[in-house]
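Below, chain A is the first sequence line, B the second, and so on; all start at residue 1.
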Amino acid sequence: MADRQEKLSVAFAWLSALLVPALLAMVTGFLLRRGLPSLQVALWFGDTPPLAALLHGAPVFDGIWPACLGTLYLVALVALMAVPLGVASGIFLAEYAGGRTKLAFSFCIELLAGIPSILMGLFGFALILFLRRSFAPEANTCLLLSAFCLTLLVLPYLISSTRLAIESLPDALRLTGASLGLSHWQLIRRILLPASAPGIFSGVILAIGRAAEDTAVILMTGVVANAGTPGSLTAKYEALPFHIYYLAAEYQSPAELAQAFATALVLLALTGLLLLAARRLQAGLEIK
Amino acid sequence: MKAAIRVEKLSVSFAGKHVIRHLSLEIASGGPTFLVGRSGSGKTTLLRALNRLNECLPGCATSGQVELRLGEQWVDAYAATTNVENLRRRVGMVFQSPNVLPLSILRNIEMPLKVALSLPADEAEARAEQALREVHLWDEVKDRLSQAASTLSGGQQQRLCLARTLALRPQILLLDEPTASLDFKAAQRIEDLLLELKSRYTLLVVSHSLGQARRIAESLFVLHDGERIEALSKDVFQDRDALFSVMDELI
Ligand SMILES: Nc1ncnc2c1ncn2[C@@H]1O[C@H](COP(=O)(O)OP(=O)(O)O)[C@@H](O)[C@H]1O
Ligand SMILES: [Mg+2]
């Protein structure tokens with residue numbers, strides 16, 4: 001009886017474990033089948049010669065190149081703002097905050113984590129309305145605003161993963177560092193941070209993925225269907241997830257729908273590349 | 001006999017629970033002075049009270065006085081004016097299980113020198129070599145200094161930890177069961193080292209081995225449940241039967 005139960009549990013565990021790769025293969029296979037035929041140079045650049053677009057910034061009208069750049073810029077901006085802020089807050093919570101301060105801060109971060117992304121988008125929109133009515137009448141939704149709102153959205157991941165990674169380090173590491181006469185900050189910088197890098201890194205992965213795929217926030221804060229390559233921080237821009245959404249919602253020919261699938265493939269590849277880049281960054285953080 | 005450590009009415013508690021209560025003792029310079037007692041009696045906590053390491057653990061409260069003779073001066077360890085990082089460098093500690101950092105062999109010693117003492121690279125390297133020679137590890141590792149310290153054997157790792165502490169030029173060395181996790185031969189090497197080091201440092205050794213204490217201790221304390229500490233005279237603990245009869249009542 002017990003034997004049969006064990007066999008059943010093992011079989012179930014195997015089945016569940018296989019389910020994830022199987023689903024992943026299905027989704028990717030589906031995307032590849034529908035999107036691969038459209039994955040041509042024209043998808044990126046439309047009628048504009050690619051070299052002219054890449055080297056001389058010739059405008060691209062029917063391609064996803066501007067959306068690729070838009071998403072890249074957006075993710076880079078978010079990483080630039082969210083990673084230092086999030087890691088620093090995580091360090092503060094794990095190492096410096098105590099008692100009530102810690103409770104209050106943790107509560108705020110949990111609240112922030114619970115806010116749906118559409119609300120974050122509305123907040124950005126309301127912020128612009130407020131700015132226009134008060135001291136910046138010409139303020140408008142833009143790349144910087146989207147990045148700011150996305151930063152708010154992903155900060156909780158970064159803070160929690162940093163804090164958890166540091167707090168779960170063994171006491172022995174702390175005692176070792178302190179016994180060698182390192183100050184608190186030297187201990188954090190030289191021993192605790194490098195040792196918790198993998199945990200912090202998993203937070204960075206989550207944050208980057210989230211920033212790259214989010215549509216609700218950017219929808220309210222500055223993304224448009226046709227803006228060309230982003231010109232400045234205060235300009236409107238295009239982005240891949242929005243482009244997919246737009247095509248899928250308003251396609252007028254099967255070819256356009258196929259383009260949406262191809263764009264989804266590109267977004268997938270781009271996120272993969274970003275994660276690889278983040279991994280390289282982590283290798284640089286390792287204890288030296 | 002010159003004293004090196006004076007402890008006066010020391011109490012240490014974790015989250016309100018007393019581990020050490022009203023303990024007073026005086027430890028001579030040189031040594032080795034051994035501290036024995038049953039597991040959980042507070043030996044480690046007592047050692048950590050001497051270099052204020054308990055403060056790094058959550059929920060710890062310490063009261064009483066600890067005075068250490070550093071150079072020709074007496075330093076009040078818990079005085080507000082005492083620089084705790086400086087104190088910990090001068091009162092070095094080696095832990096029960098080897099705690100090498102996830103760094104190369106050389107970097108394990110150099111990192112604290114460069115970071116805590118801001119020594120320039122060449123001086124840190126020279127000190128590292130000197131410390132590795134002092135623990136007789138240099139010949140074993142001189143060709144693999146850039147390998148991860150975790151590739152060393154347990155005994156080598158423990159000697160590396162000792163070298164790392166010595167490189168900071170401490171005056172007092174606290175050793176918490178330094179041979180507990182080592183095999184017989186590696187433990188033997190550490191014992192030999194302690195005998196060499198006793199002329200240059202004040203050594204306070206927590207040990208689980210009465211045989212070891214009998215072989216190398218100059219003086220010996222028995223800690224009873226963090227409350228009572230008893231000094232055994234040398235003729236008592238050198239006499240095997242007398243020592244074991246004292247310890248019997250402990251266990
Ligand atoms: N960091 C800590 N937090 C809470 N209790 C502790 C801590 N360190 C030690 N103690 C308690 O103090 C007592 C003595 O521990 P310790 O000093 O390690 O004894 P020994 O080294 O003699 O075995 C134990 O009961 C232990 O539970
Ligand atoms: Mg102990």
How would you list, in number order, the residues of residues 112-121 of chain B that have a heavy atom less than 4.5 Å from chain A? B:Pro112, B:Val115, B:Ala116

State, with a plain yes or no, whether a side-chain heavy atom of [X] is found less than 4.5 Å away from one of [Y].
X	Y	result
A:Leu175	B:Met93	no
A:Ser183	B:Glu85	yes
B:Arg164	A:Leu180	yes

Chain A contact via B:Leu57 - which portion, at a heavy-atom distance below 4.5 Å: side chain

Please name the residue in the list B:Leu101, B:Leu53, B:Val100 that meets the side chain to side chain contact (heavy atoms under 4.5 Å, CB included) test with A:Thr176. B:Leu101

Of all of B:Thr165, B:Asn99, B:Leu174, which one pairs up most often with chain A through heavy atoms under 4.5 Å apart? B:Asn99

Bottom line for A:Leu187: the part with an atom under 4.5 Å from chain B's heavy atoms is neither

Please indicate whether B:Tyr201 has more than 12 foreign heavy atoms, meaning atoms of other residues, nucleotides or ligands, lying under 6.0 Å from its OH. yes

Does CZ belonging to A:Phe105 count more than 12 external heavy atoms closer than 6.0 Å? no

Nearest-0.5 Å distance, CD of residue B:Glu55 to NE2 of residue A:His184: 12.0 Å

